[in-house]
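What you see below is based on every heavy atom in this structure, not just the backbone, and it leaves out hydrogens, waters and symmetry mates. Values in this document were obtained by computation on a predicted structure and should not be read as measured data.
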2 protein chains.
Amino acid sequence: MPRAEPSEAVSPDTRTRLLDAAEHLFAENGIARTTLRQITASAGANLAAVNYHFGSKRVLLHEVFARRIQPVNEDRLARLDRVERDAGDEPPPVEDILRAFLTPAFLMKSSGTRHDFLRLMGRAHTEPTGELREVVFAQFGEVVLCFSHAIARALPKLPPSIIQWRLQFAIGAMAFTLANRDAPGPSGPSRHTDAETDEEVLSTLVEFLAAGFRAPAGSAEA
Amino acid sequence: MPRAEPSEAVSPDTRTRLLDAAEHLFAENGIARTTLRQITASAGANLAAVNYHFGSKRVLLHEVFARRIQPVNEDRLARLDRVERDAGDEPPPVEDILRAFLTPAFLMKSSGTRHDFLRLMGRAHTEPTGELREVVFAQFGEVVLCFSHAIARALPKLPPSIIQWRLQFAIGAMAFTLANRDAPGPSGPSRHTDAETDEEVLSTLVEFLAAGFRAPAGSAEA
DNA sequence: GTCTATATCCTGATAGAC
DNA sequence: GTCTATCAGGATATAGAC
């Protein structure tokens, strides 16, 4: 019987090892720059394995995302539901709505300890793979719609178009932050700062975005 | 004498046509997916032209950015300077600081009418080209530092680490918005909304971010 | 400076033995 | 299911005529 902990050489099925390796390499080096040879080598599998198990690199890419995104989005909607139920008649505070949206992406306690997918998730909103955008946004768009409605209820004075834009800004801030966690380069704010936990960063982001959403519309018109 | 307007077939030097074509294609299809063949064909030049004028694809890429980034960053610092001078003794409002940072990227009146570079600029913060990040952030990091100091003066109660993070969020919102202007897919908020001008989007972003920066630190601690 | 033609390499994908 | 060996295509880059 193999050991239970999910370390490297413990070898679940080849299929799973390929997914893990691809997830890691996609996050680390970007999707376009990652080759099947790197993936199979890192997974301890043969070059032909990708084609046997998935048929093509693109299908592999889709599977990498499908494996993680669905739980995250379900978690988002479940948290939103709970936040709205807990609030009773009143609409819940924006902080809670935003936290319901952001927490699943930041924490990812579900399915796997590693945080490779966090950066990959940031990449998903970011890379111009065309193909990928459709897959990601297919499920994502529906979730965004639910949250924009929730925010509209919480902030009834905001025009819908403003809410759409602010959500866009929020997603951008989230994606950029996720994509740059542990990334090299001077973009990460904390090189000298003591390392923040994910929860602290999340709280910092929530309070920033919540204040942005609460801004009265039109306060900075030209 | 050729016509003055910068339309397609008017042909400045081959070198400039190559830069323009590369800028356009990089913005449209991403950097990794753009080939030298596409660039030279689009520029009406020969495949060998890139190598003759630039030596390699990477140098071409760097030149594409260097041509635009420096003016943008100089513009940012100049606007920041003016904002701070106009404010006299008091620190200027955050809105003005943010606007000084964002306007040059959003408007780009300087050097060229086309807005291809706007999306490319979004991509620059986004694509994991490794190589590119260094080039971009080399100058960019200095500019960010100036603005973070300006914000620290405007909002003296904020701890520096919080300012760093909020700047990170702001850059993410900016980059994401720039990268997705005119992009396909459901990520753009305005499919049914009437088309906003760049100035309107800019104002919407400024008021959102300013409110975020003004949020008291620690208001959303866990 | 610009072209044609080509060298060299690496990619994703496949055929077929085991 | 996994391997070896290889294909066909496209990438960057270069050599050398004009």
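- Looking at B:Arg17 and B:Asp13, no side-chain N of the basic residue comes within less than 4.0 Å of a carboxylate O on the acidic one, giving no salt bridge.
- Here B:Ala48 lies in heavy-atom contact (under 4.0 Å) with a base.
- Put simply, the side chain of B:Lys57 never gets that close to the backbone of B:Val50: no donor and acceptor are under 3.5 Å apart.
- Note on B:Thr40: nothing from the nucleic acid sits closer than 4.0 angstrom, heavy atoms only.
- Across the interface with DNA chain C, nearest-nucleotide mapping of A:Thr35 and A:Gly55 shows A:Thr35 to be the residue nearer the 5′ end.
- Running 5' to 3' along DNA chain C, contacts with non-hydrogen atoms of chain A at under 4.0 Å begin and end at C:dT11 to C:dT14.
- Listed by chain and residue number, B:Arg15 satisfy the salt bridge (charged side-chain N to carboxylate O under 4.0 Å, His left out) test with B:Glu63 (two or more places apart in sequence, or in another chain).
- The nearest whole Å value for the distance from the CZ atom in A:Arg33 to the C1' atom in D:dA11 is 14 Å.
- Classified by interplanar angle (parallel below 30°, tilted 30° to 60°, perpendicular above 60°), the ring pair A:Phe169/B:Phe208 is tilted.
- Shown here are the ring-ring contact (aromatic ring centres under 6.0 Å, His included) partners of A:Phe147, two or more places apart in sequence or in another chain: A:Phe101.
- Ion pairing between a basic and an acidic side chain is recognised when a charged N comes within 4.0 Å of a carboxylate O; A:Arg166 and B:Glu207 show such pairing.
- Atom P of nucleotide D:dA15 and atom CG of B:Leu47 are separated by 14 Å, given to the nearest angstrom.
- Separating the CZ atom of A:Arg37 from the P atom of D:dA5 is a distance of 14 Å, rounded to the nearest angstrom.
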